[in-house]
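Reckoned from all heavy atoms, side chains included, excluding hydrogens, waters and symmetry mates. Only a predicted model underlies this, so the values are computations on that prediction, with no experimental measurement involved.
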Amino acid sequence: DFTDFYGSDSKRLVAYLMGVALVAGALALVWFFNEVRSRLADDALSRVGSTAAVIGAGAAAAGGWILLAPTSVQIMDGDAVFVGAAIARTFAQAGLGVMLSLGMTALALATALFSLGAKRARLLPSCAAWAGIAVAVVMLGSVIWAPGLVFPVWVLAFGLLIRSEPLAA
């Protein structure tokens with residue numbers, strides 16, 4: 001139940017720490033995307049499109065958090081009567097839905113565009129670029145969070161495989 005979770009100090013601490021980890025991860029992702037974008041400076045389509053996708057993902061995360069926050073803040077810090085479990089669940093599901101549907105779509109677009117741009121600039125082996133596009137397609141099927149787990153794997157692989165100089169033709 002929502003009131004049991006937010007009524008417990010230890011569970012609240014876990015929720016706060018998860019929020020801090022989410023913000024730290026988002027900042028690391030912004031750094032990663034900025035580094036990749038700087039390497040694709042000559043590829044305007046990938047650079048502009050992926051920047052728009054990253055902004056879209058951030059907006060989706062913010063929009064989802066805006067839907068998630070009111071009920072939890074009201075439970076933790078408010079003196080008003082609890083809104084009820086049904087309303088709390090509705091806001092939580094709506095926030096998660098916004099984050100997953102819009103955020104995962106935007107990150108999938110960024111994944112595909114970065115992979116395509118790195119392939120065109122010959123900064124990534126062809127098979128790795130196609131794998132990145134396959135990851136984007138899998139992410140588009142994320143109606144639940146599980147297919148999105150391929151995204152961190154792509155970030156690690158992309159970061160390890162991308163070159164600072166183009167590969168030989």
Side-chain angles (χ1 to χ4, degrees), residues 14-73 90-169:
V14 169
Y16 285 133
L17 291 176
M18 287 173 60
V20 168
L22 181 65
V23 169
L27 291 174
L29 200 55
V30 167
W31 170 79
F32 170 78
F33 280 137
N34 188 48
E35 287 294 315
V36 174
R37 189 173 57 94
S38 69
R39 291 197 185 171
L40 299 176
D42 295 337
D43 189 34
L45 172 66
S46 296
R47 190 171 32 90
V48 172
S50 56
T51 301
V54 170
I55 291 170
W65 186 84
I66 287 169
L67 287 172
L68 282 167
T71 304
S72 58
V73 170
T90 300
F91 275 102
Q93 292 299 320
L96 184 62
V98 166
M99 284 185 197
L100 279 179
S101 62
L102 300 178
M104 199 66 73
T105 301
L107 287 176
L109 178 62
T111 300
L113 289 172
F114 276 137
S115 295
L116 183 62
K119 181 182 181 312
R120 288 171 46 178
R122 295 181 309 164
L123 295 175
L124 199 63
S126 185
C127 60
W130 286 113
I133 292 169
V135 164
V137 171
V138 168
M139 288 170 60
L140 287 175
S142 292
V143 293
I144 58 172
W145 59 269
L149 291 176
V150 297
F151 180 71
V153 173
W154 173 82
V155 168
L156 290 173
F158 193 89
L160 292 172
L161 294 174
I162 193 165
R163 311 268 191 226
S164 52
E165 296 295 324
L167 297 167

| query | What is the distance from atom CD1 of Ile133 to atom NZ of Lys119, rounded to the nearest 0.5 Å? | reply | 7.5 Å
| field | From Phe151 atom CZ to Leu156 atom CG, the distance as rounded to the nearest 0.5 Å | value | 10.0 Å
| message | Which residues pass the side chain to side chain contact (heavy atoms under 4.5 Å, CB included) test with Ala131, not counting sequence neighbours? | response | none
| Which atom names give the shortest non-hydrogen contact between Leu123 and Arg39, and what distance separates them? | CD1-O, 3.5 Å
| query | Restricting to pairs with a member in residues 151-160, which pass side-chain hydrogen bond (donor to acceptor under 3.5 Å, both in side chains), not counting sequence neighbours? | reply | Ser115-Trp154
| request: Check the pair Phe33 / Leu107 against side chain to side chain contact (heavy atoms under 4.5 Å, CB included), numbers first and verdict last. | output: CA-CA 11 Å; Phe33 280 137; Leu107 287 176; 4.0 Å; yes
| remark: Here the pair of heavy atoms bringing Met104 nearest to Met139 is CG-O, 3.3 Å
| task | Write down the atom of Leu124, the atom of Ala128, and the distance for their closest heavy-atom approach. | result | CG-CB, 3.9 Å
